[in-house]
Amino acid sequence: MPVSRRDFIRQVVTVGPITMAFWMEKDLLWAKECGMPLASAECTLPTPKPPVRFIPNEPKVVTRYSALELAAPSRATQLKQLRDGVCLLRDLPPTDVLSWTKLIAQHCIHCAPSNTDNIHYNWQFLPWHRGLLYFVERAMRKLGKMDDMRLAYWDWDNKSSRTLPTIYAPKDQPLYWANRNLTGPRWPLSDAAVNVQPLLALPNFDIFGGTAKQRTPVPATFSGPHANVHNAFSPGDMADLQYSPRDPVFYAHHGNIDRLWSSWVAAGHKNPDFGTAKVYFYDENRVWSYVLFNDLRDEAKLGYNYSSLMKPTVKLSSLSNRPIVEKNGQLEVPPTKESLLPKFLVLQNVHLEKQAANAVDFGVFFTQPPVGTATANDKANGFLGTVNRVLSSGHDHHADPLSAVLEVDNKLDQVKGPLKLYVAPLDPTGKTTAAAAPLSAEAFSLISE
Ligand SMILES: [Cu+2]
């Protein structure tokens, strides 16, 4: 039964003392009208005391290994520590701010689709999730008295890691999660679904990781592999933006997104000065704390590094990034020197509001394909790549803009003269579910080699 605005306010007043005991994003009150429980334990935190500044300065650097590496008998100790760590948090009462339930809540309170400060759509996306992983690691380390324990990362960029990592699969161990779909057309993950090369080539943090202002632009790292791996689990908790941290594999997936950020920096790109921007978490002593983004830029200070990093396959110093001007719906691709090969097409804030409300993948084309056009393994129909998002459960979705970087070499050289782009929603097999419509975005650029 729909709840009217007036009924809703009355309910809040009636349960005032209870709701006052919790802290939640204003937008989650709105969520009640969509049928979500008002004060779900997984989406509320106790009202925090004023936050205390936390300055990470770990005495030693310990390596985070991939889930594949942790499956080796020689890494049995590290694997056991990871599993023990998950159990320790799971065994805490759900009211404990360090518990698995409240970890989900730390993420959930920031993720309501209407939240104007949603951590996924501005420059909080990378630092916030790095902070989450760091404090999870610290909590596990303290509770288990295992200072060398570190989280794992799921190296889906590696061709041998395109299905759920084996250490997460068996029942009767803490990395198992029942609500996971592991079959269907998205499995195993395709090269295209987890291609990190376009992201590694992005020259500026603004488009890679976003800016202080919501959706200005949406970080390109939110689309692509990040969204595609979440969505592979659909229907399942991982495919639900708000509740994905229920599944222990969330932490390995975001470990790899964090590793993508580290790899981008190691490839020679620069993090910005984030000024006073900060993230808030409960530390391992249950103290409500804040960390400056600037204090999260160096993983060594956070006590970890990665056993390997992703490497750009093109020489970044030989890339040039040129903005493309849009005129009357056409892109005026500037004349290139013969030697310049268009490599990546950057689409900043593609407008998707006229697209199918519940689609997660949108195909970008330089022709206008009809409904039912297949895109998987097909370069013939003007298909350039996809823009992707992750949905939140229990909400109607008006499609907000998204950014993406598409690997377009060997495709755009077919184009002579001005370029016109189209976009269409795709089903999980990659077929268009509607006729393509002209694509509009806030900015375009072409990275050439
Ligand atoms: Cu998230």
Side-chain angles (χ1 to χ4, degrees), residues 24-25 27-28 31 36 40 42-45 86 89 100-137 139 151-154 156 168 177 179-180 194 196 199 208-212 214-215 217-234 236-262 277-282 291 293 296 360 387-395 397 400 402-404:
M24 64 186 95
E25 296 282 325
D27 294 298
L28 283 175
M36 274 179 62
S40 117
E42 287 177 326
C43 216
T44 49
L45 289 175
V86 172
L89 301 189
W100 200 257
T101 304
K102 290 305 176 201
L103 271 182
I104 299 163
Q106 297 213 41
H107 186 256
C108 182
I109 57 169
H110 298 293
C111 299
S114 63
N115 184 339
T116 51
D117 198 30
N118 189 315
I119 51 171
H120 298 94
Y121 306 128
N122 57 35
W123 71 2
Q124 293 184 83
F125 179 58
L126 295 166
W128 190 91
H129 287 86
R130 175 169 285 182
L132 176 74
L133 266 53
Y134 174 60
F135 282 109
V136 167
E137 216 167 55
L151 293 173
Y153 65 91
W154 174 7
W156 32 249
Y168 287 81
W177 192 248
N179 190 13
R180 274 176 186 157
V194 291
V196 293
L199 294 165
F208 182 78
T211 67
Q214 188 80 341
R215 299 183 191 276
V218 175
T221 38
F222 176 77
S223 184
H226 166 258
N228 295 335
V229 173
H230 274 290
N231 291 331
F233 290 87
S234 177
D237 286 324
M238 267 291 277
D240 180 348
L241 191 64
Q242 274 180 277
Y243 294 104
S244 48
R246 284 173 178 163
D247 188 331
V249 85
F250 169 90
Y251 296 92
H253 175 40
H254 267 279
N256 213 32
I257 294 299
D258 188 66
R259 178 171 165 256
L260 170 62
W261 184 16
S262 300
K278 41 181 97 70
V279 288
Y280 298 83
F281 289 100
Y282 282 99
V291 186
F293 288 14
L296 290 167
V360 292
V387 188
N388 325 88
R389 60 179 174 153
V390 188
L391 298 178
S392 293
S393 64
H395 296 276
H397 296 97
D400 289 307
L402 289 171
S403 305

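Order of appearance sets the numbers: ligands from 1, and atoms from 1 within every ligand. Note that the coordinates shown come from a computational prediction; the quantities given were computed from them, not determined experimentally. Numbers for residues simply follow the sequence, beginning at 1.
Taking the ring axis of F233 as reference, the NZ or CZ atom of R180 does not stay both within 45° of it and closer than 6.0 Å to the ring centre.
Rounding to 10 degrees, one finds that the Cu ion (ligand 1) sits at the corner of an angle of 110° between H107 NE2 and H120 NE2.
Restricting H129 to its N, O or S atoms, the one at the least distance from the Cu ion (ligand 1) is NE2.
In this structure, H253 and P225 approach most closely via the heavy-atom pair CE1-O, 3.9 Å.
Counting backbone and side-chain atoms alike, H254 contributes no N/O/S atom closer than 2.8 Å to the Cu ion (ligand 1). Between the Cu ion (ligand 1) and C111 there is no N/O/S contact shorter than 2.8 Å.
Taking the six-membered ring where tryptophan is involved, the planes of F125 and H254 are perpendicular, since the angle between them exceeds 60° and thus also 30°.
Put simply, the side chain of H110 never gets that close to the backbone of N118: no donor and acceptor are under 3.5 Å apart.
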